[in-house]
Amino acid sequence: MVSPDWIAVDWGTTRLRVWAMQGSEVLEHRASDKGMGSLTPEGFEPALLELVGDWLGDLPVPVIACGMVGARTGWVEAEYRPTPCTPLDPLRATRPVVRDPRLQVHILPGLSQIDPPDVLRGEETQIAGFIAQNPDFEGTLCLPGTHCKWVRVANGLVEGFHTFMTGEVYALLSRQSVLRLTVGDAKPDLPSFLEASAQAATNADMAAAGLFPLRAAALLNGLTPQQGAGRLSGLLIGAELAAAHPLWHGRRVIIIGAPELSALYAQALTQAGADAQQMDGGELVLAGLTAAASALTRT
């Protein structure tokens, strides 16, 4: 029977992931599709107990949670800490009211920025995991996803960040606009992606000007869904690179996220002349949660 010292939780909009932990060692990992987006505030504790109930004994077990579980529409709203600051401060975690006395839930705070206004929630744990492994890093972290975060890091602090809605814009265009007839759910063709990203990275106006021609090219020139997906993704990511140029030009860039999407960013950045490397975001979430648990244990 698994008897963890503590439980790590990454609770996003669509997925819930949990780890039974003994110090920094993973005893067992489980997941479900009961993300924040499908739950009311009253549904979070039952969803968590479904996965971890048999890990609990007679004594309370600390549960360290990050992600959209702490959003305004989540279990309970966790605060945003203003930058510049360290990525995590577990002592400022929010404690939701629980019915089961075996649970001691700590929801980690997100980060905020006043000018320009911006917030992030969940990525701070990946950032903390990266800094724990690379304490001397100075440069930019790029965290692709539905909303891509570009984060300036120095001296162990998050100095500031900027969010781009590139992933959400791609989803809307490919599924709800006329481009759904051209792109749909096709995987991006890499040569088409690289050509379009190079064009948009040097001329961000190409993103807007090049959208409808994708539909026309499918009708007139036989553009395939894979080529259309590649060009659409390339135009949007290239425009993002153009807007984010001060954040990556002349800086070290580490890309943290899901492998396939991160690989597109890495290739587009390298093509644009950036010093870019790719890392697995999943491993860094657990590293950040482990650092938070260690800090709580010391108090």
Legend entry - Pair W150 and H162, ring centroids less than 6.0 Å apart: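 For W150 and H162, the ring centres are not under 6.0 Å apart.
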
Just list the side-chain donor-acceptor pairs under 3.5 Å for residues 133-142, sequence neighbours left out, or say none.
residue, atom, partner, partner atom, Å
N134, ND2, F130, O, 3.0
T140, OG1, L247, O, 2.5

Inset, instruction - Applying side-chain contact (heavy atoms from CB on, under 4.5 Å), name anything that partners T86, two or more places apart in sequence or on another chain. - result: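 side-chain contact (heavy atoms from CB on, under 4.5 Å) check on T86 returns R81, L157.
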
Legend entry - Pairs meeting criterion salt bridge (charged side-chain N to carboxylate O under 4.0 Å, His left out) with involvement of residues 210-220, two or more places apart: none

Legend entry - Sequence neighbours excluded - salt bridge (charged side-chain N to carboxylate O under 4.0 Å, His left out) pairs with any residue from residues 3-25: D10-R17

Please tabulate, for the side chains in residues 279-293, all donor-acceptor contacts under 3.5 angstrom to protein atoms that are two or more places apart in sequence or on a different chain.
residue, atom, partner, partner atom, Å
D280, OD1, G282, N, 3.0
T290, OG1, L286, O, 2.8

Legend entry - Donor-acceptor pair between S32 and E50 side chains, under 3.5 angstrom: no

Inset, instruction - Say whether E240 and T166, considering side chains only, have a donor N or O and an acceptor N or O under 3.5 Å apart. - result: yes

Legend entry - More than 12 heavy atoms from other groups under 6.0 Å of CZ on R92: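 It does: R92 CZ has more than 12 such atoms within range.
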
Inset, instruction - Return yes when atom NE2 of H249 has more than 12 non-hydrogen atoms of other residues, nucleotides or ligands closer than 6.0 Å, and no otherwise. - result: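 Open: at most 12 neighbouring heavy atoms sit under 6.0 Å from NE2 of H249.
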
Inset, instruction - Examine distances only and state if a side-chain atom of Q277 and a backbone atom of I255 form a donor-acceptor pair shorter than 3.5 Å. - result: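 Judged by distance alone, no pair lies under 3.5 Å.
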
Legend entry - Residues which pass salt bridge (charged side-chain N to carboxylate O under 4.0 Å, His left out) with R231, listed by chain and number, not counting sequence neighbours: E195

Legend entry - Single-linkage hydrophobic cluster W55~F44, side-chain heavy atoms < 4.5 angstrom: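 Yes.
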
